[in-house]
Asks: 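I'd like to ask some things about the structure below.
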Amino acid sequence: MINVTLPDGAVRELPDGASPMDLAEGISKSLAKKAIIAKVDGREWDLTRPLDGDARVELVTRDQPEALEVIRHDAAHILAQAVQELFPGTQVTIGPAIEDGFYYDFARDEPFSTEDFEAIEKRMAEIVDRDLPFEREVWDRDDAIAHFERIGEKYKAELIRDLPEDEVITIYRQGDWIDLCRGPHLPSTGRIGKSFKLMKVAGAYWRGDHRNAMLQRIYGTAWADDKQLNAHLMRLEEAEKRDHRRVGRAMDLFHMQEEARGQVFWHDKGWTLYRTLENYMRRRLEDAKYEEVKTPSLIDRSLWEKSGHWEKFRENMFTAQTEDGEVLALKPMNCPAHVQIFRSGQKSYRDLPLRMAEFGSCSRYEPSGALHGLMRVRGFVQDDAHIFCLENQIESETASFIELLNSVYADLGFEDFIVKFSDRPDVRSGSDETWDKAEKALKDATEAAGVEMILNPGEGAFYGPKLEFVLRDAIGRDWQCGTLQVDFVLPERLDAEFVGEDNDKHRPVMLHRAILGSFERFIGILIENYAGKFPLWLAPLQVVVATITSEADGYGEEVAATLRKAGLRVKTDFRNEKINYKVREHSVGKVPVIAVVGMKEAENRQVALRFLGEGNKQQEILGLEDAVKQLAESATPPDLKRT
RNA sequence: GCCGGCUUAGCUCAGCUGGUAGAGCACCUGAUUUGUAAUCAGGGGGUCGGGGGUUCGAGUCCCUCAGCCGGCACCA
């Protein structure tokens, strides 16, 4: 007999060789039905896998979030089986559960198309109906390799070969189909249900390496029930409406075109938004004791060679050649230029920390496939700054940077975001000792600031480790916006120095940092976050004064003039149209406030303010002076409200 | 850059197995002076992404280039 301890502390006796399923059935039929997997002493465990002794056992049921991962993983297996049944000769590789779904990578000469999805989904449903038990088997390593080689699954064989020597090779069987897999799985295919849907096909390199073969990845989504599935599909549909490219066109913010790939034509309204954001950032930087500079766009290649960028990023730099053979590069970033300003004249330890900011226009020749609306462009402006400081100032500078970033993000509507810590990459500059020092300094400082971070191994910059502040777009894609990088390398390479207390020359440490990252990307995220319905202070057009009859136009003009005088961005709509028409048009155009003016208002010197909202007509009739006062106040940028 | 898909009016999209292009919205004109999400009537607008080919005939089939979209790779 074995003793099983339940989460509530109760202990149950079960016969030897009993499985978590037996446990569940012993408790209640409905639990046995709802159970997905078990956690045995904290380890994930198949329900049907016999327990190997006394243990703490927890049953994970269908309604728990962890269950979704298992359902999705199972769905990936079923997808692979369906594909192999329908398309013989297709090799399987890997197929994990991911956020909202799963994928499976296949090797096949013929491309899959979304037109194949219907047939594949149908076959998947059949496999669910077959209710095949998932059976876990432990295989000998060499047998497993030989088996997969024999059936022509060279990717699987390679995977097994590369597993650590002591790894237990487990194979999961569903009917006559088997796959190398760590598990766990549901007891049978019937338990998964049919709340899944194939979403898209895409190319993906074997093992994520571009030197390897290109596989075909089929993405799917899977949920515990149809309600969840439909809710997810609905969310996606809603998210699509927030796409910054779509909203940007609809609101006439910007456009892009072939002749200037990866660069933005900012229209009047988009540029107003941009400038509002820039002015806000400028005030925040001034408050935080930064100085602002401006450096050249075209800089001789010799400087890029010194900094190390030429060697590492030459292919991604735009260059220009003069008549006499001089090669210049359009600056892809600002740091070497800032070091030049630091180097001009003498710097003393008394000048440190020196915080040098620039709204720096940068150009990078990004790979064609990487371009993506405003999120990934070739011409962009960073809210860049470099903090030249002493080693013992890294911690306090990191702390105040994180505080500033938090405050800026909160003002712009982002309360939570992910922070990643990226350490030394394989190809890098600087000695291991320098890296040890830089990584420790950044990590300690971040921890001291109380920030939770996710480790992102090997993803640092070539000159130093970095903190990445990641925001999410409407459909869940992550984009790095803010960053903080500790750099002991560039000051050395570019020979930056200051005179210390001891009257000797010393190297400063450089902190590279950005809050928005690039205006382009950040505005893209901002558009999607607000779905174009910006808070009043950011909205490019804040108020439309719309008259009901042309008799009120004179008063309407006066209202508009008064609002403009109070600093608001105002347009008038005196067209010969019904008020319904005007309200609809400006609501669709996401104008935050419509000031409706008819003869009633004109006679009483009032305005009817209608605020952008979900269907419900929120309006307020105010005296002109009160209305102006109220609007001017709510249009005040958050930082100016605080002072 | 790689794999796949897409590209028809300003926008969103129709156009079956090849027989020389349509809708809604937008735009323009006229009428309507209107009270909180679309007033009515009329009108203009497309070398169907570029180039090449097959065919008596190509928006439709084939090749090629470009751009965009979705992933992957890259991201100082």
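Treat the numbers as computed from the prediction; the structure is a model and nothing was measured. We name chains A, B, ... by the order of the sequence lines, and we start the count at 1 in each one.
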Asks: Identify, with sequence neighbours excluded, every residue that meets side chain to side chain donor-acceptor pair (under 3.5 Å) alongside A:Glu577.
Replies: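 Testing A:Glu577 for side chain to side chain donor-acceptor pair (under 3.5 Å), a comparison that skips the adjacent residues, returns none.
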Asks: What are the residues of residues 236-245 of chain A, sorted by number, that bring a heavy atom to within less than 4.0 Å of RNA chain B?
Replies: A:Arg245
Asks: So which atom in A:Trp435 and which in A:Ser429 form the shortest heavy-atom distance, rounded to 0.1 Å?
Replies: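 Shortest heavy-atom contact: NE1-O, 2.8 Å.
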Asks: Going by side-chain hydrogen bond (donor to acceptor under 3.5 Å, both in side chains), name the pairs with one or both residues in residues 297-306 of chain A, residues two or more places apart or in two chains.
Replies: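 Those involving residues 297-306 of chain A are A:Asp300-A:Ser302, A:Arg301-A:Glu305.
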Asks: How long is the line joining CD of A:Gln263 and P of B:G67, in whole Å?
Replies: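 Spelled out: CD on A:Gln263 to P on B:G67 is 13 Å.
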Asks: Counting side-chain heavy atoms from CB outward, which of B:G71, B:A76, B:G67 is closest to A:His309?
Replies: B:A76
Asks: Would you classify A:Lys582 as touching base, sugar-phosphate or nothing, given that sugar-phosphate means primed atoms plus P, OP1 and OP2, and contacts are heavy atoms under 4.0 Å?
Replies: nothing
Asks: Tell me the stems RNA chain B sits in, counting at least three consecutive Watson-Crick or G-U wobble pairs, each under 3.5 Å on both distances.
Replies: B:1-7 with B:66-72, B:10-13 with B:22-25, B:27-31 with B:39-43, B:49-53 with B:61-65
Asks: Give the rounded distance in Å between these two atoms: CZ of A:Arg376 and C1' of B:G70.
Replies: 16 Å
Asks: According to the salt bridge (Lys or Arg N to Asp or Glu O under 4.0 Å) rule, which pairs have a member within residues 98-107 of chain A, sequence neighbours left out?
Replies: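 As it turns out, the salt bridge (Lys or Arg N to Asp or Glu O under 4.0 Å) pairs with a partner in residues 98-107 of chain A, which skip direct neighbours, are A:Glu99-A:Arg472, A:Asp105-A:Arg217.
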Asks: So what does A:Ile579 hit on the nucleic acid, given a heavy-atom distance under 4.0 Å: a base, only sugar-phosphate, or nothing?
Replies: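 It contacts sugar-phosphate atoms only.
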Asks: Can you give me every donor-acceptor pair (side chain of residues 199-206 of chain A, partner residue at least two apart or in another chain, under 3.5 Å) with its distance?
Replies:
| unit_1 | atom_1 | unit_2 | atom_2 | d |
| --- | --- | --- | --- | --- |
| A:Trp206 | NE1 | A:Glu158 | OE2 | 3.4 |

Asks: In whole Å, what is the span from the NE2 atom of A:His372 to the P atom of B:C74?
Replies: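 It is 18 Å, rounded to the nearest whole Å.
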Asks: With a non-hydrogen cut-off below 4.0 angstrom, is A:Lys578 in contact with a base, only sugar-phosphate, or nothing?
Replies: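 The answer is base, as A:Lys578 lies within the cut-off (heavy atoms under 4.0 Å) of a base atom.
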Asks: For the pair made of CD1 in A:Ile475 and C1' in B:G71, what is the distance, rounded to whole Å?
Replies: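 To the nearest whole Å, that distance equals 10 Å.
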Asks: Taking protein heavy atoms under 4.0 Å as touching, what does nucleotides 1-17 of chain B look like 5' to 3' if B marks base contact, S marks sugar-phosphate-only contact and - marks none?
Replies: BBBS------SS-----
Asks: According to the interplanar angle, ranging from 0 to 90°, do the rings of A:Trp271 and A:Trp266 count as parallel (below 30°), tilted (30 to 60°) or perpendicular (above 60°)?
Replies: tilted
Asks: Distance check needed: B:C74 C1' versus A:Phe313 CZ, whole Å only.
Replies: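 Rounded to whole Å, this separation is 9 Å.
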Asks: Only counting residues at least two apart or in another chain, list the ones meeting ring pair (Phe, Tyr, Trp, His ring centres under 6.0 Å) with A:Phe414.
Replies: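 Scan of A:Phe414 (ring pair (Phe, Tyr, Trp, His ring centres under 6.0 Å), adjacent residues dropped) gives A:Phe522.
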Asks: On RNA chain B, compare the nucleotides closest to A:Ile548 and A:His512; which residue's is nearer the 5' end?
Replies: A:Ile548
Asks: With the sugar-phosphate defined as primed atoms, P, OP1 and OP2, and the base as all remaining atoms, what B/S/- string results for nucleotides 24-30 of chain B, 5' to 3', for protein heavy atoms under 4.0 Å?
Replies: --S----
Asks: Could you list the residues that satisfy ring pair (Phe, Tyr, Trp, His ring centres under 6.0 Å) with A:His586, not counting sequence neighbours?
Replies: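 If we apply the ring pair (Phe, Tyr, Trp, His ring centres under 6.0 Å) test to A:His586, skipping adjacent residues, there are no hits.
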Asks: Taking only the side-chain nitrogens and oxygens of A:Arg207, find out if one of them lies under 4.0 Å from OP1 or OP2 of B:A73.
Replies: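 False: A:Arg207 side-chain N/O out of range (4.0 Å or more) of B:A73 OP1/OP2.
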Asks: By the salt bridge (Lys or Arg N to Asp or Glu O under 4.0 Å) test, which pairs, at least two apart or in different chains, include something from residues 584-593 of chain A?
Replies: A:Arg575-A:Glu585
Asks: From B:C72, B:A38, B:A76, pick the nucleotide closest to the side chain of A:Tyr219?
Replies: B:C72
Asks: List the residues meeting ring pair (Phe, Tyr, Trp, His ring centres under 6.0 Å) with A:Phe417, not counting sequence neighbours, and say none if there are none.
Replies: A:Tyr409
Asks: State whether the number of non-hydrogen atoms from other residues, nucleotides or ligands found under 6.0 Å of A:Asp432 atom CG is greater than 12.
Replies: yes
Asks: What class does the angle between the rings of A:Phe265 and A:His255 fall in, given that below 30° is parallel, 30 to 60° is tilted and above 60° is perpendicular?
Replies: parallel
